[in-house]
> 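Attaching a single structure in structure tokens format; questions to follow.
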Amino acid sequence: GKVRAPTHVVSTICDDRGEEPTYAGVNMTTLFERDYGVGDVLALLWWKRSLPAYCTKFIEMCVMLCADHGPCVSGAHNTIVAARAGKDLVSCLTSGLLTVGPRFGGAVDDAARCFKAARDANLSPHLFVESMKKKGLRVPGIGHRIKSRDNRDSRVLLLQQYARAHFPQVRYLDYAVAVEDYTLSKAANLVLNVDGCIGALFLDLLASCAMFQAHEIDEIVDIGYLNGLFVLARSIGLIGHTFDQKRLKQPLYRHPWEDVLYTKV
Ligand code: ACO
Ligand code: LMR
């Protein structure tokens, strides 16, 4: 009989062997015939399925709204320093991306995990926040360096507005906002940030879109797909910062002595 040689790689999201490459079975011609956008392509390559327009539009909003947040944030700063050191595009980009983590841009998955676990367990926002405090943990998705109760993050407001108008339900967002109500009673900068808002709204998207079964939602939250949205989005801005510095022919960056406290303690 036939003996099938074992393969060393398994791949399930795309195929480039035929006349036309396919993403989750959808060929390039079809992508354009159906007027698919980046959100549709992302859904095909990340989840191997087409999603309804309200979901792909939301994904595209996340990418557009998180593409950049100025030159002073960790990622852009690293990229700018690398560009000014004469590094190539990929080095500048990855230098910035390496700052994405639990404090900056990489709190989306943990926010989703925490909001899901707390809401599904019927934990009141008050008890949830206090239980995190007892464990010595910051609530992922809450807090911002420059945004506050009186200086709201318009990205968060736009995402909320969209979801309230287009999602069948927003129960995780409502929970996150109730958490924010409580944290704001403690300090004005403990707002629901863009990571937290995307984390909560993605839970709502997954829970309300019939395309995902319960075990798949658990798997997505477990594996942690959602920081990928920030990484994808911010790469656009970081590449922009790289070209900006190169176009401006900026010299090697050296941090000023005056801005360093030299001390032996
Ligand atoms: N949960 C509970 N308490 C918090 C939180 C939080 N998420 N954030 C700040 N605090 C507390 C701090 O513990 C601090 O109190 P302490 O000094 O007694 O410990 C107090 O509020 C003041 O903190 P700040 O110095 O104002 O906070 P900082 O500017 O250092 O941090 C940051 C901002 C990193 C965003 C922080 O709020 C945080 O860690 N949040 C959780 C992670 C997160 O969501 N990151 C994504 C931010 S959005 C983005 O990057 C795109
Ligand atoms: C960002 O999107 O980079 C931020 O929210 C972080 C910041 O400090 O502005």
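Order of listing sets the numbers, starting from 1, for every ligand and every atom in it.
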> Would you mind listing each N/O atom of ligand 1 next to any protein N/O under 3.5 Å, plus the distance?
residue: ligand 1; atom: 1 (N); partner: V139; partner atom: N; Å: 2.8
residue: ligand 1; atom: 7 (N); partner: V139; partner atom: N; Å: 3.3
residue: ligand 1; atom: 7 (N); partner: V139; partner atom: O; Å: 2.8
residue: ligand 1; atom: 7 (N); partner: I142; partner atom: O; Å: 2.7
residue: ligand 1; atom: 13 (O); partner: R138; partner atom: NH2; Å: 3.4
residue: ligand 1; atom: 26 (O); partner: N189; partner atom: ND2; Å: 2.8
residue: ligand 1; atom: 29 (O); partner: R145; partner atom: NE; Å: 2.5
residue: ligand 1; atom: 30 (O); partner: R145; partner atom: NH2; Å: 3.3
residue: ligand 1; atom: 31 (O); partner: R138; partner atom: NH1; Å: 3.3
residue: ligand 1; atom: 37 (O); partner: I142; partner atom: O; Å: 3.4
residue: ligand 1; atom: 39 (O); partner: R138; partner atom: NH1; Å: 3.3
residue: ligand 1; atom: 40 (N); partner: I142; partner atom: O; Å: 2.8
residue: ligand 1; atom: 44 (O); partner: G141; partner atom: N; Å: 2.8
residue: ligand 1; atom: 44 (O); partner: N193; partner atom: ND2; Å: 2.8
residue: ligand 1; atom: 45 (N); partner: R103; partner atom: O; Å: 3.0
residue: ligand 1; atom: 50 (O); partner: G105; partner atom: N; Å: 2.9

> For the residue pair Y253 and H255, categorise the inter-ring angle as parallel (less than 30°), tilted (30 to 60°) or perpendicular (more than 60°).
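The rings of Y253 and H255 sit tilted, inter-plane angle from 30° to 60°.
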> Just by distance, with hydrogens left out, do Y36 and T56 show a side-chain donor and acceptor under 3.5 Å apart?
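No pair is found: no donor N or O on one side chain lies under 3.5 Å from an acceptor on the other.
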> Can you confirm whether more than 12 heavy atoms, excluding those of R164, are under 6.0 Å from its CZ atom?
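Enclosed: over 12 neighbouring heavy atoms sit under 6.0 Å from CZ of R164.
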> Near ligand 2, which residues have a heavy atom under 4.0 Å away from one of its atoms?
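Under the 4.0 Å cut-off, ligand 2 touches H69, V73, F104, H144, R155, R234.
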> Answer yes if the side chains of K48 and T12 hold a donor-acceptor pair under 3.5 Å, and no otherwise.
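Yes, side-chain donor-acceptor contact under 3.5 Å.
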> Are any of the side-chain heavy atoms of M132 and R138 separated by less than 4.5 Å?
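No. Closest side-chain heavy atoms not under 4.5 Å.
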> Using the ring-ring contact (aromatic ring centres under 6.0 Å, His included) rule, collect all pairs that involve residues 105-139, keeping only residues at least two apart or in two chains.
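Sorted pair list: H126-Y182.
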> Under 6.0 Å between ring centres: does that hold for F104 and H69?
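Not under 6.0 Å, so no.
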> Measuring centre to centre across the rings, with the benzene-like ring taken for any Trp, is F202 within less than 6.0 Å of W47?
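When the ring centroids of F202 and W47 are compared, they turn out to be within the sub-6.0 Å range.
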> Please identify each residue that fulfils side-chain hydrogen bond (donor to acceptor under 3.5 Å, both in side chains) with D16, with sequence neighbours left out.
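With sequence neighbours excluded, D16 shows a side-chain hydrogen bond (donor to acceptor under 3.5 Å, both in side chains) to no residue whatsoever.
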